[in-house]
Amino acid sequence: MKLARTIIGARADVAHLPRPLALVPTMGALHEGHLALVRAARSRCAGVVASIFVNPTQFGEGEDYDRYPRNEERDLRLFAAEGVDLVFAPVPAEMYRTGAATVVKVDGPLANTLEGASRPGHFDGVATIVAKLFTIVAPDVAFFGKKDAQQLAVVRRLTADLDLPVEIVGVPTVREPDGLAMSSRNARLTADEREAAPRLYQALEAGRAAAQTGGAQPGAERAAAAQTSVAPPDTSAPAVVVAVVGAALATEPRFAVEYVAAVDRDSFLPAETLGERSLIVCAVSLGTTRLIDNLPALPSPAPVDGARHDTSEVEK
Ligand code: PAF
């Protein structure tokens, strides 16, 4: 496995790799979710490039850029064991040179609601670094986790809008046995917070159960009616599902809920009805750690191996 620290070095190494060529962009601190991306890449492509770069421009003021977990030695070992051909791991000054003034911005509700509203500027940072990685590595296929569903939708939009010749593949979320979605930030949870964390997934599961009955769960109508005491309750299936998830999250006092929504997985506009493109998404703070997760509103096939996946399919 080769390691490139510079853009020139990465381009020179990429020129010798077989195609189709995969890119797995990461910020390091690898876990099974990242390794699932590499395995999906390895199964589809002859050459695999992974990047490790904690991208400063996607962290807002007061967010955890400095505290973001970093362990490059371990990451390199794990990538090598998975058969990655090249790791691109630049320092920030290599990616953002003095005087850099160009930003890639995905606009509209897709980038400005939910995660975009909670983290202003976050998706500009993501879109900019992903566009740069695509021009440096020139992959045929790039792999992103479905856990960051809005990021995946933003990257798809960016790729379509700029006519980038890269196929974007979403890889199912990998979960701990208790359902908690794997994330580099989980390492920062205290024992008490770690115990509470799976309730996020359990709340989403309750929402999905309500979705499967079209919102006609016992107690679901009551949860919808509890949304407000002023306006008449919205008893459409998406509203009921959101209310069920919100009610389940509210039973965990350690959660500070940021948002719960039922959305279209591509536009991130609120779902008017529930279908196979509908996602239930939510974000909470737990102590100083922010957790996000999502589930498709419709049922998915059973897991296929030891780790739990949302679906066994790699979705394009
Ligand atoms: O999902 C991540 O790890 C990051 O947002 C990404 C896609 C590597 C861009 O920095």
Side-chain angles (χ1 to χ4, degrees), residues 4 7 10 22-38 40-41 48-60 63-72 74-76 78-79 84 86-96 100 103-106 110-111 114-116 118-137 139 141-159 162 164 166-174 181-188 268 281 283 289-294:
I7 293 168
L23 173 64
V24 178
T26 81
M27 299 205 298
L30 302 183
H31 51 68
E32 278 297 320
H34 295 112
L35 302 186
L37 301 181
V38 175
V48 177
V49 179
S51 60
I52 302 174
F53 183 63
V54 184
N55 174 33
T57 66
Q58 69 188 74
F59 290 80
E63 288 189 11
D64 58 351
Y65 175 69
D66 292 328
R67 290 190 304 133
Y68 196 83
R70 292 164 171 87
N71 191 344
E72 192 187 79
R74 176 178 174 274
D75 293 343
L76 293 176
L78 290 171
F79 277 147
V84 168
L86 168 67
V87 174
F88 177 44
V91 293
E94 178 70 7
M95 294 305 271
Y96 296 107
V103 171
V104 179
K105 185 177 182 61
V106 177
L110 168 59
L114 305 173
E115 280 304 286
S118 288
R119 306 182 67 188
H122 170 66
F123 286 127
D124 293 353
V126 170
T128 302
I129 198 66
V130 168
K132 283 170 73 76
L133 289 169
F134 283 0
T135 65
I136 294 164
V137 175
V141 194
F143 295 79
F144 294 83
K146 287 188 181 179
K147 174 177 165 287
D148 295 304
Q150 199 171 353
Q151 168 174 280
L152 177 60
V154 164
V155 169
R156 286 192 199 285
R157 187 76 262 162
L158 154 83
T159 308
L162 298 185
L164 302 176
V166 185
E167 181 188 344
I168 306 301
V169 174
V171 178
T173 302
V174 181
M182 290 202 186
S183 161
S184 304
R185 290 184 170 100
N186 291 352
R188 290 211 310 259
F268 267 70
V281 296
T289 306
R290 209 169 160 269
L291 301 176
I292 64 170
D293 201 353
N294 68 83

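In each ligand, atom 1 is the first atom listed, and ligand 1 is the first ligand listed.
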Which N or O atoms of ligand 1 sit under 3.5 Å from a protein N or O, and how far apart is each pair?
unit_1, atom_1, unit_2, atom_2, d
ligand 1, 1 (O), Gln151, NE2, 2.8
ligand 1, 5 (O), Gln58, NE2, 2.9
ligand 1, 5 (O), Gln151, OE1, 2.6
ligand 1, 10 (O), Gln58, OE1, 2.6

Side-chain heavy atoms of Lys147 within contact of Ser183, under 4.5 Å |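 Yes - at least one pair of side-chain heavy atoms lies under 4.5 Å apart.
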Close side-chain approach of Phe59 and Arg67, heavy atoms under 4.5 Å = no
Between the side chains of Tyr96 and Asn55, does any donor sit under 3.5 Å from an acceptor?
-> yes
Please list all pairs passing the side-chain hydrogen bond (donor to acceptor under 3.5 Å, both in side chains) test where one or both residues lie in residues 120-137, with sequence neighbours left out.
->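 Every side-chain hydrogen bond (donor to acceptor under 3.5 Å, both in side chains) pair that includes a residue of residues 120-137, provided the two are not neighbours, is Lys105-Asp124.
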Write down the atom of Ala181, the atom of Thr173, and the distance for their closest heavy-atom approach.
->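 Closest approach of Ala181 to Thr173, heavy atoms only: CB-CG2, 3.7 Å.
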Under 3.5 Å, side chain of Ser184 to main-chain N/O of Ala29, donor-acceptor pair present?
-> yes
